Visitor: 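The structure's right below; bear with me while I get my questions together.
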Amino acid sequence: MAAPVRVRMAPSPTGFLHIGSVRTFLFNWLFARGRGGECLLRIENTDVSREVAAAVEQIQRSLEWIGIDWDGAATFQLDRIERCQEEAKRLVEDGAAYEEEGAIRFRMPEDGITGWDDAVLGRIEFPNAELEDVVLVRSDGRPTYNFASPVEDWLDEITHVIRGNDHVSNTPKQIQILTALGSALPVYAHVPMINGPDGKPLSKRHGAVSTDEFRDSGYLPEALINFLALLGWAPDGETTIMDRGELVDRFSLDRVGASSATFDYDKLDWLNGVYLRALPPAAYADTLVAYLRERGNDWPEERIREAVPLVQEKIGRLGEFPSFAGFLFHDVEPDPALLERAVLEEAAAALERVDLFESGPIEAALKELCERLGAKPRQVFAPIRVAVTGSKISPGLYESLALLGREAAVARLRSGAAAAAA
RNA sequence: GCCCCCAUCGACUAGCGGCCUAGGUCACCACCCUUUCAAGGUGGCUGCACGGGUUCGAAUCCCGUUGGGGGCACCA
């Protein structure tokens, strides 16, 4: 019987939750959930000055939004400060550590090698001569990260340490400490880092990096999860779209790649569009309304829902809605240079004559108008679109006109004609 | 500087010695559809970093080079 899997997600409470951390946590979570294991949330705050309650709440909110949950309450590294001190004292008594100017240092072996079979990278070995005698406990009594972390892994009976590649060089030190502590060793899996398009660590200048920014832009958690999972991992060479359940079912550490990945915002947009389009209209409407409300938008819900059929097929991010469909909620300011007086006047007249103001009849009327004017559809529709929506890009024209209503549509056409007069 | 890791299309990746004249997806280009932008359909463009080995046979194994990344705190 294999021991039950237990992993931990260990963010630093430094403000916001970085999307790269989310990817690492996602791998932990998928691994644990796929094996009926436990996934703990541990806040790494050995440094008091960085402990910000607000930051922790922020992290938890971000994780909840994206749908990564954890077992039990979040724990704080700082809470085990005394236990760490006791263990350090014990190590000193055992001769495995020693005091120096009030701090306690671990005595690393002078020669030989420390290695492990990384679940992602394979065999890795470090010459012990390279290992420094790391400080376990600072002179002020607080344990350092390289001590607190393994102590907690030991106490929490962590079976798999799945973390970023940047921790590789910490691993041999932690293995030595764990061994001196008398702890069993967890399986280590160092997952690749995520870079920006320039190959440098993903940062603000590349675009969105905090989970909140992605939420704000109108990405769906499901799409983000799907996208992130594919950064450094693939179930096979074909599958791209996978919902949470499938991800949990198919994820495995041995299929995680060893090389770092580049965050491709274009692909994320495409993937988000796929998820957005796949939503049942009612669910899409619910999501859209909730999204807008969260951002302080108070446009009438009824109208927003009516606009859904016009936008669902067109936008890739919920954040595009205000600019894409805003003309349905407020007046527009079309560029006079794009308006055609004669066309707009004719169009206004034609729409006034339409019996039933719905997209079908509107389409018929406008096509008839094209024939009558002897003009190509694009020459006629372009100015109408601009006059009515204020933009060259919009939802389908007939549907937009219908939803806007005869009165408003005609009024915009007329004022557009007037504006074009110049 | 020292240590560690990585290396397939522009990007994410499949590939774990012959199925590869290298497959899928995004992006890009062309065409179709079309009232625009999208979406959708069809087709296309690009890649095994380089040099040595091993082998009947290498994208796949080994060595080196080059390039990239990470780490060398009483930070995490």
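These figures come from a predicted structure and were not determined experimentally. Basis for what follows: all heavy atoms, side chains included, without hydrogens, waters or symmetry-related copies. A note on names: the letters A, B, ... follow the listed sequences, proteins ahead of strands, and every chain is numbered from 1.
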Visitor: Mind checking if A/E363 touches a base, just sugar-phosphate, or nothing, with heavy atoms under 4.0 Å?
Guide: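 Here A/E363 touches no strand at all.
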Visitor: For A/A382, report the nucleic acid contact type (base, sugar-phosphate, nothing); a contact means any heavy atom under 4.0 Å.
Guide: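 No contact.
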Visitor: When you compare B/A30 with B/G70, how far apart are their P atoms, in angstrom units rounded to a whole number?
Guide: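 So the two P atoms sit 38 Å from each other.
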Visitor: Does any donor-acceptor pair link the side chain of A/R378 with the base of B/U35 at a separation under 3.5 Å?
Guide: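 Looking at the base of B/U35, it does not pair with any donor or acceptor on the side chain of A/R378 (distance under 3.5 Å).
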Visitor: At under 4.0 Å, does any side-chain N or O of A/R142 touch on OP1 or OP2 of B/C74?
Guide: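 It does not, given that no N or O in the side chain of A/R142 lies less than 4.0 Å from OP1 or OP2 of B/C74.
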Visitor: Hey, is the side chain of A/K267 pairing donor to acceptor with the base of B/U13 inside 3.5 Å?
Guide: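 Checked by distance alone, the answer is no.
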Visitor: In whole angstrom, what separates A/N170's CG from B/C5's P?
Guide: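 Going from CG in A/N170 over to P in B/C5 covers 15 Å.
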Visitor: Using a heavy-atom cut-off of under 4.0 Å over every strand shown, decide if A/L231 touches base, sugar-phosphate, or nothing.
Guide: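 Touches sugar-phosphate only.
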Visitor: So that I can tick it off, tell me whether A/R8 and A/E38 are bridged by a salt bridge, with the cut-off set at under 4.0 angstrom between side-chain N and carboxylate O.
Guide: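 Result for this pair is no, no salt bridge flagged.
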Visitor: Would you say the base of B/C3 and the side-chain of A/S169 have a donor-acceptor pair closer than 3.5 Å?
Guide: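 It does not, because no donor-acceptor pair links the side chain of A/S169 to the base of B/C3 below 3.5 Å.
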Visitor: What residues from residues 194-221 of chain A pass a heavy-atom cutoff of under 4.0 Å to RNA chain B?
Guide: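 Those residues whose heavy atoms fall under 4.0 Å from RNA chain B, taken from residues 194-221 of chain A in numerical order, are A/G199, A/K200, A/P201.
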Visitor: For the pair A/Y265 and A/F263, name the ring-plane relationship: parallel under 30°, tilted 30 to 60°, perpendicular over 60°.
Guide: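 The rings of A/Y265 and A/F263 sit tilted, inter-plane angle from 30° to 60°.
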Visitor: For the C1' atoms, the ones on B/U54 and on B/C63, what distance do you get once it is rounded to whole angstrom?
Guide: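 Approximately 11 Å lies between the C1' atom of B/U54 and that of B/C63.
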Visitor: Distance check needed: B/A73 P versus A/R105 CZ, whole Å only.
Guide: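 Atom-to-atom, A/R105 to B/A73, this comes out as 10 Å.
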Visitor: Phosphate oxygens OP1/OP2 of B/G15: is one of them under 4.0 Å from a side-chain N or O of A/R255?
Guide: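 It does, given that an N or O in the side chain of A/R255 lies less than 4.0 Å from OP1 or OP2 of B/G15.
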Visitor: So A/S394, base contact, sugar-phosphate only, or nothing? Heavy-atom distance under 4.0 Å.
Guide: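 Since a base atom lies under 4.0 Å of A/S394, the category is base.
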Visitor: Tell me whether A/D140 at atom CG has more than 12 heavy atoms from other residues, nucleotides or ligands lying less than 6.0 Å away.
Guide: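 Count over threshold, so yes.
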Visitor: Please classify the nucleic acid contact of A/G232 as base, sugar-phosphate, or nothing, using heavy-atom distances under 4.0 Å.
Guide: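 Sugar-phosphate, backbone atoms only, no base.
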Visitor: Within a reach of under 6.0 Å around CD of A/E132, are more than 12 heavy atoms found that belong to other residues, nucleotides or ligands?
Guide: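 Atom CD in A/E132 is not crowded, with 12 or fewer foreign heavy atoms closer than 6.0 Å.
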Visitor: At 4.0 Å (heavy atoms only), tell me whether A/D269 reaches a base, stays on the sugar-phosphate, or touches nothing.
Guide: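 Touches nothing.
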Visitor: Answer with base, sugar-phosphate or nothing: what part of the nucleic acid does A/F263 contact at a heavy-atom distance below 4.0 Å?
Guide: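 Answer is nothing: A/F263 stays at 4.0 Å or more from every strand.
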Visitor: Report yes or no: is there a donor-acceptor pair, N or O only, under 3.5 Å between the side chain of A/K376 and the base of B/U35?
Guide: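 Donor-acceptor pair under 3.5 Å: no.
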Visitor: Testing A/N272, A/D269, A/T211 one by one against A/Y219 for a side-chain hydrogen bond (donor to acceptor under 3.5 Å, both in side chains), which residue passes?
Guide: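 With A/Y219 as partner, side-chain hydrogen bond (donor to acceptor under 3.5 Å, both in side chains) holds for just one option, A/D269.
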Visitor: Verify whether the ring centers belonging to A/F25 and A/F27 lie closer than 6.0 Å.
Guide: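 Between A/F27 and A/F25, which both carry aromatic rings, the centre distance is not below 6.0 Å.
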Visitor: Can you tell me if CZ on A/R378 sees more than 12 non-hydrogen neighbours from other groups inside 6.0 Å?
Guide: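 For A/R378, atom CZ is not crowded (no more than 12 foreign heavy atoms under 6.0 Å).
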Visitor: Rounded to whole angstrom, note down the C1' distance from B/G47 over to B/U60.
Guide: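 Pairwise C1' distance, B/G47 against B/U60, rounds to 15 Å.
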Visitor: Locate the shortest heavy-atom distance separating A/N45 from A/Q77; write the atom from each residue and the value.
Guide: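 That closest heavy-atom pairing would be OD1-N, 3.3 Å.
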Visitor: On RNA chain B, does the nearest nucleotide to A/A10 precede the nearest nucleotide to A/A258 from the 5' side, or the other way round? Give the residue.
Guide: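 Looking at RNA chain B, the more 5' nearest nucleotide goes with A/A258.
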Visitor: What about A/K392: does its side chain form a donor-acceptor pair under 3.5 Å with the base of B/C37?
Guide: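 Answer is no: no donor-acceptor pair is held.
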Visitor: Of all the nucleotides listed (B/C12, B/U35, B/C74), which has the minimum atom distance to the side chain of A/A261?
Guide: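 Per side-chain heavy atoms of A/A261, the pick is B/C12.
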Visitor: Side-chain N or O of A/R277 versus OP1/OP2 of B/G40: is the shortest distance under 4.0 Å?
Guide: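 Answer is yes, contact under 4.0 Å.
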Visitor: Expressed as a whole number of Å, how far does the P atom of B/C61 sit from that of B/C6?
Guide: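 Rounded to whole Å, the distance is 11 Å.
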Visitor: Reckon A/T262 touches a base, only the sugar-phosphate, or nothing at all at heavy-atom distances under 4.0 Å?
Guide: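 Since only primed, P, OP1 and OP2 atoms lie under 4.0 Å of A/T262, the category is sugar-phosphate.
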Visitor: Could you label the plane-to-plane angle of the A/W116 and A/F126 rings as parallel, tilted or perpendicular, counting under 30° as parallel and over 60° as perpendicular?
Guide: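 The arrangement is parallel - the two ring planes meet at less than 30°.
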Visitor: Under 4.0 Å, counting only non-hydrogen atoms across every strand here, what does A/N146 touch: a base, just sugar-phosphate, or nothing?
Guide: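 Base, at least one base atom sits under 4.0 Å.
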